[in-house]
Chemist: 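Please read through the structure below; I'll follow up with questions.
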Protein chains: 2
Amino acid sequence: MSGPADTRTRILDVARELFATQGIESTTMRAIAAGVGTSAPAIYHHFADKDALLRELMVTDLRRLGASFARAMRVPDPVDRIREIGMTYVRFGLDHPQHYRVLFMTPNAKSAALEAEVARDLEATPEMDAYHLVVQAVTAAIEAGRFGPDYQDPERVAQICWGMAHGLVALDIVFAKQTWIEWRDPLISAERSIRAMLRGMQEGAPNR
Amino acid sequence: MSGPADTRTRILDVARELFATQGIESTTMRAIAAGVGTSAPAIYHHFADKDALLRELMVTDLRRLGASFARAMRVPDPVDRIREIGMTYVRFGLDHPQHYRVLFMTPNAKSAALEAEVARDLEATPEMDAYHLVVQAVTAAIEAGRFGPDYQDPERVAQICWGMAHGLVALDIVFAKQTWIEWRDPLISAERSIRAMLRGMQEGAPNR
DNA sequence: CGCCGAGGTTAACAGCGTTAAGCTGGAGCC
DNA sequence: GGCTCCAGCTTAACGCTGTTAACCTCGGCG
């Protein structure tokens, strides 16, 4: 026995490992059960269904992502803070590609259910809500007169920043290993692209 | 005539419709067959499997995407051309979200098979290879001294541009309908973000 | 005429997530 | 101690999926 531990937590451990290595949809409940050493239906005594299992893993990861922003939030200058949040986000995506894929690259009804659950979670800990942290930083930058006239809507600017970070991570996950493209280190690309974007948005600003 | 047409092309038509409306994995072969008016196994007389069917649709769509760049390529200024390519790309993604998802948001072994097939295709028609069109435009801009010192690698700059466009489209597909976010019109966001990014990359350039 | 392959049929298979029904052992209570 | 009860597990099975096997049918052709 590599330690009985709680069956429930062992299910989570095995599932996380299999989801990350084999991918989510090709990981079967029976395979998870085999890894835990039980039968497949036993899992349903601990989780409603495969989605609930996945959801629990994702919430954990989202929390970890949120927690990792703590350092970035201490950057005083709002524009610098936006960059630091972006880089933290990119690092998270590159470090946990499989979970990133489920969290941010998979559209479906279930993700609505997830979002509902997460939304409830985040209400309790607003300092972990990545998107709204960006909105806050952007708002601060705008109020400080750091952005140009076309970049005065915090929501839109936040979405643009998120888009930039997400785009590079997502492309890395899908295409990095493809042979027809000479894929560059996404961390460096991310740093430069965020910098370029922020510079471009600062053009024409009152307090550049 | 909604007439008989070719069974093969009718399969393609029905599949495209169902894939786009119901989503790909929740569209069953039996449903496609029902739409065509045959039995499911009949499909296998025309396509090796569901992937082959999907692949054929994707190749068609990629061709259409490639063709839509023709207009953008006539823009003389290389920096303006990059922006126009980007906007064309974004419009394509927003117009065909389901196919975009399969083409650019789905990592798996099959997509490697697809890419191999597409690569062969594109060798014959290089003017349709979206990525290399961007690389060309970027190279032209760099040679004209339009970009700053950190933006002299055409591959990296092309990947940054692609990332920006892809990010907004991908976020739109996954999160636009979510309630916890006030999602802005992605076309406008795309125009402004590409503009900001290009401006930022031009900073410190010899021929700004 | 004979045949033969393209294009279709129905039946079936293995694998999936999931559910139903039943067993078991230990905690809680009188 | 004896009783109940239920969490936690079992095996069997269901309905669905993509896919295959085996068979039919019919038009074109030497």
Side-chain angles (χ1 to χ4, degrees), chain A residues 1-58 98 101-102 106-114 117, chain B residues 1-58 98 101-102 106 108-114:
Chain A
M1 56 199 66
S2 65
D6 204 348
T7 302
R8 184 188 153 88
T9 65
R10 297 192 59 209
I11 292 173
L12 284 170
D13 289 346
V14 172
R16 159 167 272 117
E17 169 70 14
L18 290 180
F19 284 165
T21 56
Q22 321 286 342
I24 280 105
E25 42 277 328
S26 56
T27 297
T28 70
M29 296 298 265
R30 287 165 176 88
I32 297 172
V36 176
T38 67
S39 62
I43 300 179
Y44 291 84
H45 278 273
H46 302 277
F47 302 93
D49 52 20
K50 194 182 182 182
D51 264 357
L53 175 51
L54 180 59
R55 204 152 53 222
E56 181 140 340
L57 288 174
M58 293 200 292
Q98 288 291 341
R101 214 187 109 215
V102 182
T106 308
N108 50 24
K110 317 160 199 168
S111 107
L114 165 72
E117 174 165 333
Chain B
M1 58 198 79
S2 68
D6 204 346
T7 303
R8 184 188 154 90
T9 65
R10 296 193 60 208
I11 292 173
L12 284 171
D13 288 346
V14 173
R16 155 168 275 115
E17 171 69 13
L18 289 181
F19 284 164
T21 55
Q22 321 285 343
I24 281 107
E25 42 276 327
S26 55
T27 297
T28 69
M29 297 298 266
R30 287 167 175 85
I32 298 172
V36 176
T38 66
S39 61
I43 299 178
Y44 291 84
H45 277 275
H46 302 278
F47 302 93
D49 51 21
K50 194 182 182 182
D51 264 358
L53 175 51
L54 180 59
R55 204 152 52 226
E56 180 140 341
L57 288 175
M58 293 200 291
Q98 288 292 342
R101 213 186 110 216
V102 182
T106 308
N108 51 22
K110 317 160 198 164
S111 106
L114 164 71

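Throughout, a chain's letter reflects where its sequence line sits, starting with A, and its residues are numbered from 1.
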Chemist: Between atom CZ of A:Arg16 and atom CG of A:Leu57, what is the distance when rounded to the nearest 0.5 Å?
Modeler: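 These two atoms lie 5.0 Å from each other.
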
Chemist: Measure the distance from CG on A:Asp49 to C1' on D:dG15 and round it to the nearest whole Å.
Modeler: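 Value for this atom pair: 16 Å.
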
Chemist: How long is the straight-line distance from OG1 of B:Thr7 back to CG of B:Leu12, given to the nearest 0.5 Å?
Modeler: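 Taking CG in B:Leu12 and OG1 in B:Thr7, the distance rounds to 11.0 Å.
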
Chemist: Mind calculating the distance between CG (B:Asp6) and C1' (C:dA6) to the nearest angstrom?
Modeler: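 Distance, rounded to whole Å: 12 Å.
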
Chemist: Roughly what angle, to 10°, lies between the helix axis at the start of the helix from C:dC1-D:dG30 to C:dC30-D:dG1 and the one at its end, five pairs per end?
Modeler: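 The end-segment axes of the helix from C:dC1-D:dG30 to C:dC30-D:dG1 are tilted 20° relative to each other.
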
Chemist: Given atom CG of A:Leu53 and atom P of C:dC16, what is their separation to the nearest angstrom?
Modeler: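 Rounded to the whole Å, the gap is 16 Å.
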
Chemist: What is the distance, rounded to the nearest whole Å, between atom NZ of B:Lys50 and atom C1' of D:dT20?
Modeler: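 These atoms are roughly 17 Å apart.
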
Chemist: Where along residues 39-47 of chain A does a heavy atom come under 4.0 Å from DNA chain D, residue by residue in number order?
Modeler: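 Heavy-atom contacts with DNA chain D come from A:Ser39, A:Pro41, A:Ala42, A:His45, A:His46.
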
Chemist: Would you be so kind as to tabulate the donor-acceptor pairs closer than 3.5 Å made by side chains of residues 29-42 of chain A, with sequence neighbours excluded?
Modeler:
none

Chemist: Tell me, which of residues 13-33 of chain B have any heavy atom that sits under 4.0 Å from an atom in DNA chain C?
Modeler: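 Hits under 4.0 Å, by residue number: B:Arg30.
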
Chemist: Ignoring hydrogens, what is the shortest heavy-atom contact between A:Ile24 and A:Gln98? Give both atom names and the distance.
Modeler: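 Here A:Ile24 and A:Gln98 meet closest at CD1-O, 4.0 Å.
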
Chemist: Kindly write out the residues that satisfy side chain to side chain contact (heavy atoms under 4.5 Å, CB included) with A:Glu25, not counting sequence neighbours, or none if the list is empty.
Modeler: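 Counting only residues at least two positions away or on another chain, A:Glu25 forms a side chain to side chain contact (heavy atoms under 4.5 Å, CB included) with A:Arg101.
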
Chemist: Please state whether the phosphate of C:dG8, meaning OP1 or OP2, lies under 4.0 angstrom from any side-chain nitrogen or oxygen of B:Thr7.
Modeler: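 True: B:Thr7 side-chain N/O within range (under 4.0 Å) of C:dG8 OP1/OP2.
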
Chemist: At their closest point, which heavy atom of B:Asp49 faces which heavy atom of B:Tyr44, and how far apart are they?
Modeler: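 Looking at all heavy atoms of both residues, the closest pair is CA-CE2, 3.9 Å.
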
Chemist: Please name all residues satisfying side chain to side chain contact (heavy atoms under 4.5 Å, CB included) with B:Glu17, sequence neighbours left out, ordered by chain then number.
Modeler: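 Residues passing side chain to side chain contact (heavy atoms under 4.5 Å, CB included) with B:Glu17: B:Thr21.
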
Chemist: In sequence, state the C-alpha distance, the side-chain angles, and the governing distance for B:His46 and B:Glu56, and then conclude on side chain to side chain contact (heavy atoms under 4.5 Å, CB included).
Modeler: CA-CA 11 Å; B:His46 302 278; B:Glu56 180 140 341; over 6 Å; no

